[in-house]
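Working notes, structure below.
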Amino acid sequence: MNKELKKILSCDRFLSAISEKIEANERITLLEGLELYQSHNLPALALLANEKRKRINGNFVFFNKNFHLEPTNICVHNCKFCSYRRNINDADAWDYSINEMLEICKKHYTEDISEIHIVGGVHPNHDLDFYCNLVAEIRQLFPAIHIKAFTAVELDYMIKNSNLTFYEGLLKLKKAGLNSIPGGGAEIFDSKVRAQICHHKSSTNTWLEIHETAHQLGITSNASMLFGHIETYFHRLNHLETLRKLQDKTHGFNAFIPLKYKQLNNSISEIGEINDIDVLKNFAVSRIFLDNILHIKSYWPMLGKNLARFALHFGADDMDGTIDDSTKIYSMAGSEEQNPSMTTDEMVKFIKDAGFTPVERDSLYNKLNVFE
Ligand code: V47
Ligand code: SF4
């Protein structure tokens with residue numbers, strides 16, 4: 001532990017105790033996590049989270065070259081925080097055919113792209129075969145690309161509609177070319193909060209079962225948490241503890257993505273958005289608490305570039321990707337990044353300017369290029 005950190009922490013017995021736990025590679029408890037959230041000592045939280053991130057990821061900050069595909073914004077669900085979903089007959093609804101989606105892929109693909117990220121609404125009429133065909137066609141077009149596709153909520157609907165078990169459905173998708181699954185749909189695991197913000201969609205147990213089954217099949221995944229709406233610090237910690245337990249069992253999560261609730265044009269807009277201090281605190285507590293999920297993503301299309309860069313000093317070690325202006329979920333919810341896109345040079349400079357070593361990675365965090 002460096003001297004600077006020891007000095008700052010010496011006047012706070014609780015934070016000193018946490019720093020000793022970090023030094024000893026010991027886990028913090030849910031109650032300690034709660035106390036961290038309640039602390040107003042932001043510099044100390046940053047130093048503690050940074051100490052933890054250094055032990056896991058050194059001075060590296062990862063990114064990849066990717067683009068998104070959003071097959072449809074038509075959705076059978078109606079989550080109160082969602083600014084993106086539309087009804088089937090709405091003028092601004094979209095529902096691409098497989099050929100249209102392949103054209104979109106060709107438009108964004110270049111040889112150095114390593115990942116396609118596919119997330120959309122839960123369309124009432126598209127079944128598992130439709131999505132298996134999509135994955136198989138993409139696999140044929142780009143044999144080496146990593147296909148990270150479909151949140152557990154989309155998977156739940158398409159697999160149940162095909163009368164298959166999650167194991168059978170995921171195996172079919174894997175055979176078609178699926179490599180991993182994204183972290184969305186987790187929202188907040190507490191059932192009462194879930195009942196208030198997204199009562200009809202996949203339950204916490206279903207989300208966990210799908211990820212656990214994927215891990216058994218060698219399909220790794222990410223995990224997210226939608227925070228900054230009606231949940232409390234306790235709900236966030238309960239969420240983190242649930243993820244930590246599943247990760248102890250399967251080791252299948254690659255990254256954790258804290259998603260800040262954005263307020264524009266959804267049915268709980270009046271809640272407003274939490275302040276940047278609480279966002280940064282959330283990164284710090286997540287980094288310190290989730291000792292077994294190696295990467296914490298600072299998802300810049302949602303946070304905005306400036307806040308995303310601050311988060312790197314609060315434990316985050318991954319900037320997600322270059323995106324190429326291919327996602328609408330966050331611009332429709334009011335993100336300042338209305339056309340999210342970064343070149344590799346911009347990403348490298350962005351990370352270096354924050355004092356870290358940029359690393360281009362693949363989707364499983366193998367290092368492809370280290371920019372010393
Ligand atoms: O589950 C929807 C979130 C998620 C809003 O795995 C909102 O690398 C904030 O899966 N404000 C889907 N968030 C996105 C997703 C994802 C995103 C980034 C990286 C990865 C990954 C996966 O988007 C949903 C929901 O939690 N969301 N509306 C909103 N108004
Ligand atoms: Fe549908 Fe996803 Fe929006 Fe919920 S968050 S309404 S599941 S698109």
Side-chain angles (χ1 to χ4, degrees), residues 62-64 66-87 93-94 115-124 146-158 179-189 193-194 197-202 206-207 211 214 220-229 231 239 253-269 271-274 279 293 295-304 308 318-321 323 326-335 337 340 361 363-365:
F62 297 87
F63 71 95
N64 71 356
N66 67 348
F67 68 92
H68 287 222
L69 175 66
E70 297 177 349
T72 181
N73 63 347
I74 295 166
C75 189
V76 297
H77 299 306
N78 200 347
C79 304
K80 291 198 173 147
F81 52 80
C82 183
S83 317
Y84 169 85
R85 70 142 333 251
R86 294 292 183 269
N87 291 319
W94 72 81
E115 177 188 273
I116 173 165
H117 168 127
I118 312 177
V119 167
V122 180
H123 194 284
H146 181 105
I147 303 178
K148 178 179 69 172
F150 315 127
T151 65
V153 175
E154 294 166 86
L155 292 165
D156 182 21
Y157 193 87
M158 67 176 92
N179 298 107
S180 69
I181 62 183
E187 320 316 354
I188 281 282
F189 288 146
V193 176
R194 225 175 162 77
I197 60 170
C198 53
H199 71 99
H200 41 281
K201 86 171 175 191
S202 315
T206 299
W207 191 96
H211 281 260
T220 57
S221 69
N222 289 335
S224 64
M225 173 173 79
L226 180 71
F227 71 104
H229 43 90
E231 89 291 355
H239 190 100
F253 289 119
N254 295 319
F256 173 67
I257 312 131
L259 293 168
K260 176 195 168 180
Y261 164 68
K262 300 291 294 177
Q263 72 176 126
L264 190 74
N265 287 334
N266 57 59
S267 58
I268 50 169
S269 291
I271 289 176
E273 291 180 20
I274 56 168
V279 173
I293 300 188
H295 302 287
I296 307 278
K297 209 174 255 199
S298 183
Y299 190 59
W300 65 271
M302 175 260 298
L303 292 171
D318 183 32
M319 287 292 296
D320 194 78
I323 308 278
S326 53
T327 174
K328 291 199 165 52
I329 301 183
Y330 298 99
S331 50
M332 287 169 81
S335 168
E337 305 296 339
R361 60 163 174 88
S363 303
L364 302 177
Y365 290 84

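Every number for a ligand or one of its atoms is a count from 1 in the order of the listing. Residue indices begin at 1 and follow the sequence shown.
Each of the following atoms of ligand 1 lies closer than 4.0 Å to a heavy atom of Ile257: 6 (O), 8 (O), 19 (C), 20 (C), 21 (C). Close approach of ligand 2 to Phe81 (heavy-atom distance below 4.0 Å) involves ligand atoms 5 (S).
Checked by distance only, ligand 1 and Tyr261 stay at 3.5 Å or farther apart across all their nitrogen or oxygen atoms. For ligand 1, none of its N or O atoms has an N or O atom of Ala333 under 3.5 Å away. Not a single N or O atom of His117, backbone or side chain, sits closer than 3.5 Å to an N or O atom of ligand 1. Between Asn222 and ligand 1, at least one pair of N/O atoms sits closer than 3.5 Å. Taking any N or O of Phe81, backbone or side chain, at least one lies under 3.5 Å from an N or O belonging to ligand 1. The shortest N/O to N/O separation between Lys297 and ligand 1 falls below 3.5 Å. Some N or O of Lys262 is nearer than 3.5 Å to an N or O of ligand 1, by distance alone. Any N or O atom pair closer than 3.5 Å counts here, and Gly183 shares at least one such pair with ligand 1.
Within the 4.0 Å heavy-atom cutoff, Met302 does not count among the residues contacting ligand 1. Residue-ligand proximity: Gly185 is placed with a non-hydrogen atom under 4.0 Å from ligand 1. Between Gln263 and ligand 1 there is no heavy-atom distance shorter than 4.0 Å.
Relative orientation of the His211 and Phe253 rings is tilted, given thresholds of 30° and 60° on the angle between their planes. Relative ring orientation between His295 and Tyr365 is described as parallel, the plane-to-plane angle staying below 30° on a 0-90° scale split at 30° and 60°.
Here the rule is side-chain contact (heavy atoms from CB on, under 4.5 Å) with Asn254, and of Ile293, Thr220, Asp318 only Thr220 fits it.
Looking only at protein heavy atoms, the nearest one to atom 7 (S) of ligand 2 is Cys75 SG, 3.7 Å. Protein heavy atom nearest atom 14 (C) of ligand 1, with residue, atom name and distance: Tyr330 OH, 3.4 Å. When only non-hydrogen protein atoms are considered, atom 3 (Fe) of ligand 2 lies nearest to Cys82 SG, 2.4 Å. Distance from atom 6 (S) of ligand 2 to its nearest protein heavy atom, with residue and atom name: Cys79 N, 3.4 Å. Atom 2 (Fe) of ligand 2 has its closest protein heavy atom at Lys201 NZ, 4.4 Å.
Not a single N, O or S atom of His77, from either the backbone or the side chain, sits less than 2.8 Å from atom 1 (Fe) of ligand 2.
Within 6.0 Å of NZ on Lys201 lie more than 12 heavy atoms contributed by other residues, nucleotides or ligands.
We find that Lys260 and Glu273 are joined by a salt bridge, their nearest charged nitrogen and carboxylate oxygen being less than 4.0 Å apart.
Contact check for Ile323 versus Asn66: side-chain heavy atoms found under the 4.5 Å cut-off.
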